[in-house]
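The structure presented is a predicted model; accordingly, all values stated were derived computationally and were not measured. Protein chains get the first letters and strands the later ones, always in sequence-line order, with residue 1 at the start of each.
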Amino acid sequence: KQEVTQIPAALSVPEGENLVLNCSFTDSAIYNLQWFRQDPGKGLTSLLLIQSSQREQTSGRLNASLDKSSGRSTLYIAASQPGDSATYLCAVKDNFNKFYFGSGTKLNVKP
Amino acid sequence: DARVTQTPRHKVTEMGQEVTMRCQPILGHNTVFWYRQTMMQGLELLAYFRNRAPLDDSGMPKDRFSAEMPDATLATLKIQPSEPRDSAVYFCASGLTPDGGRVGGKQQETQYFGPGTRLLVL
């Protein structure tokens, strides 16, 4: 069974720092990987989706990379802002239409 | 601004009562997901529909949970009878997967989440 792990569970950084969130998965036979953001009391917002054939995706200050062979993805946030404070989750879809979510990294960007 | 809507937003009920949660997917989306989120278990996929047909409901306790799509604009998740361990936030998400499944060799499937239904079973 696919297992998705996110480290660290929580991260606190000063505003302006560049930071990296990590996601690892145990089975490299994935279909795609998606990064989400969740604000307290809200649903998830999709940030980036990387297909299994892709190595990275970029959107604004966000860059997500995928290394399928090593079972890893990273979400890079450049020049962090207090508005980036949220919980970030990664989700893996396998080739059988099943989705597996990590437990998330709670990010706090201090002004 | 197209959004997934869920009702009710909050529900408090007593053990043994029936609970029905509703979801309106984004117009034109053909894929609907139901998730449950708790502190202990995180986010779990309960059921998954494409073109109103259930593709996977293996994550759902069959004895008390049921999920349906009466039409393309409504998805329901029902719990009967409810138990305290069902207390959680239930999310609906919708997406668009091209019929036939593949675009350029791969499916595109970004999920758009609703705000959730926060359920408390006493």
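Within the 4.5 Å cutoff, the side chain of A/Gln38 has no heavy atoms near those of the B/Phe113 side chain.
Taking all atoms of both residues into account, the shortest heavy-atom contact from B/Ser58 to A/Lys98 is OG-NZ, 2.6 Å. Closest approach of A/Lys93 and B/Tyr48 over heavy atoms only: NZ-OH, 4.0 Å.
B/Leu45 CG to A/Tyr100 OH: the interatomic distance, rounded to the nearest 0.5 Å, is 9.5 Å. Distance check: A/Phe99 CZ to B/Tyr35 OH gives 5.0 Å after rounding to the nearest 0.5 Å. In this structure, OH on B/Tyr112 lies 13.5 Å from CG on A/Leu44, to the nearest 0.5 angstrom. With rounding to the nearest 0.5 Å, the separation of CE in B/Met39 from OG in A/Ser103 is 10.5 Å.
Only the side chain of A/Phe36 comes within contact range of chain B, judged by heavy atoms closer than 4.5 Å. Looking at B/Leu43, both its backbone and its side chain come within 4.5 Å of chain A, counting heavy atoms on both sides. Heavy-atom distances place the side chain of B/Gln37, and not its backbone, under 4.5 Å from chain A.
Heavy-atom contacts from other residues, nucleotides or ligands closer than 6.0 Å to CD of B/Glu68 number 12 or fewer. The 12-atom threshold is not exceeded at CD of A/Glu3, counting heavy atoms of other residues, nucleotides or ligands nearer than 6.0 Å. For B/Lys62, the NZ atom sits in a packed shell: over 12 heavy atoms of surrounding residues, nucleotides or ligands are nearer than 6.0 Å. Heavy atoms of other residues, nucleotides or ligands lying less than 6.0 angstrom from CZ of A/Arg72 number 12 at most. The 12-atom threshold is not exceeded at CG of B/Leu27, counting heavy atoms of other residues, nucleotides or ligands nearer than 6.0 Å.
Hydrophobic clustering (side-chain heavy atoms under 4.5 Å, transitive across Ile, Leu, Val, Met, Phe, Trp, Tyr) groups A/Leu47 together with A/Val92. When the side chains of ILVMFWY residues are joined at heavy-atom separations under 4.5 Å, either directly or via intervening members, A/Phe25 and A/Leu48 end up in a single hydrophobic cluster.
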